[in-house]
Amino acid sequence: METVVQVNDHDTYQASVRLRSAAASSRPPIDALVRFSPAGWLTMKPLAGGRVTVVSAAEVFDVSNIERVQAGEEPLR
């Protein structure tokens, strides 16, 4: 069974994100809280701890295991 997730720019998702630079060096994806904003960018906070980073959507190689964890306008902390 396949689950369809509605992705929008104000909800927060938990996902595994692999950046192009990580894929090129065979590093595993990053498990993170993700927001698809601002437009054309991903705001990510690693689940293992660390800083919130904003990366260009062009740098994203793959997003998997995506699940919405929060609806609304609250910022990632």
Side-chain angles (χ1 to χ4, degrees):
M1 183 172 163
E2 185 174 322
T3 301
V4 176
V5 175
Q6 169 106 21
V7 175
N8 60 56
D9 63 355
H10 61 271
D11 290 349
T12 301
Y13 301 87
Q14 183 172 323
S16 295
V17 180
R18 183 177 299 199
L19 302 178
R20 292 190 184 285
S21 56
S25 61
S26 300
R27 289 185 301 209
I30 300 166
D31 291 327
L33 294 175
V34 178
R35 184 165 289 166
F36 296 91
S37 68
W41 299 84
L42 266 73
T43 303
M44 302 187 324
K45 178 172 180 159
L47 293 179
R51 302 175 76 168
V52 172
T53 58
V54 179
V55 296
S56 168
E59 172 60 15
V60 176
F61 180 76
D62 187 324
V63 176
S64 59
N65 303 323
I66 187 168
E67 178 181 342
R68 185 170 62 186
V69 294
Q70 182 181 25
E73 297 290 335
E74 290 185 34
L76 293 175
R77 296 176 192 200

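Everything quoted here is computed from the prediction, not taken from an experiment. Count residues from 1 along the sequence.
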Engineer: Using the side chain to side chain donor-acceptor pair (under 3.5 Å) criterion, which residues pair with Arg18? Sequence neighbours excluded.
Structural biologist: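 If we apply the side chain to side chain donor-acceptor pair (under 3.5 Å) test to Arg18, skipping adjacent residues, there are no hits.
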Engineer: Of all heavy-atom pairs between Val34 and Ala15, which one has the smallest distance, and what is that distance?
Structural biologist: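 The answer is CG2-CB, 4.3 Å.
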Engineer: For Leu19, give me all partners under side chain to side chain contact (heavy atoms under 4.5 Å, CB included), at least two apart in sequence or on another chain.
Structural biologist: Val17, Ser21, Val55, Glu59, Val60
Engineer: Under a 3.5 Å distance rule, please check whether Ser37 uses its side chain to pair with a backbone N or O of His10 as donor and acceptor.
Structural biologist: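 A pair under 3.5 Å: no.
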Engineer: Atom CD1 of Ile30 and atom CG of Leu47: how far apart are they, to the nearest 0.5 Å?
Structural biologist: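 CG of Leu47 is found 10.5 Å from CD1 of Ile30.
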Engineer: What pair of heavy atoms forms the shortest contact from Ala58 to Arg20, and how long is it?
Structural biologist: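 Smallest heavy-atom distance, with atoms named: O-NE, 2.9 Å.
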Engineer: Where is the tightest heavy-atom contact between Lys45 and Gly50, given as atom of each residue plus distance?
Structural biologist: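 Minimum heavy-atom separation between Lys45 and Gly50: CE-O, 4.0 Å.
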Engineer: Given a cutoff of under 4.5 Å between side-chain heavy atoms of I, L, V, M, F, W and Y, with clusters grown through shared members, what are the other residues clustered with Val54?
Structural biologist: Trp41
Engineer: Kindly write out the residues that satisfy side chain to side chain donor-acceptor pair (under 3.5 Å) with Ser26, not counting sequence neighbours, or none if the list is empty.
Structural biologist: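 For Ser26, no residue satisfies side chain to side chain donor-acceptor pair (under 3.5 Å) once neighbours in sequence are set aside.
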Engineer: Between the side chains of Ser25 and Arg27, does any donor sit under 3.5 Å from an acceptor?
Structural biologist: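 Yes - a donor-acceptor pair under 3.5 Å links their side chains.
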Engineer: Could I get the full list of side chain to side chain contact (heavy atoms under 4.5 Å, CB included) partners for Ser16, not counting sequence neighbours?
Structural biologist: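 For Ser16, the residues satisfying side chain to side chain contact (heavy atoms under 4.5 Å, CB included) (neighbours in sequence not counted) are Pro29, Asp31, Ser64, Asn65.
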Engineer: Enumerate the ring-ring contact (aromatic ring centres under 6.0 Å, His included) contacts for residues 49-70, please, sequence neighbours excluded, ordered by first and then second residue.
Structural biologist: none
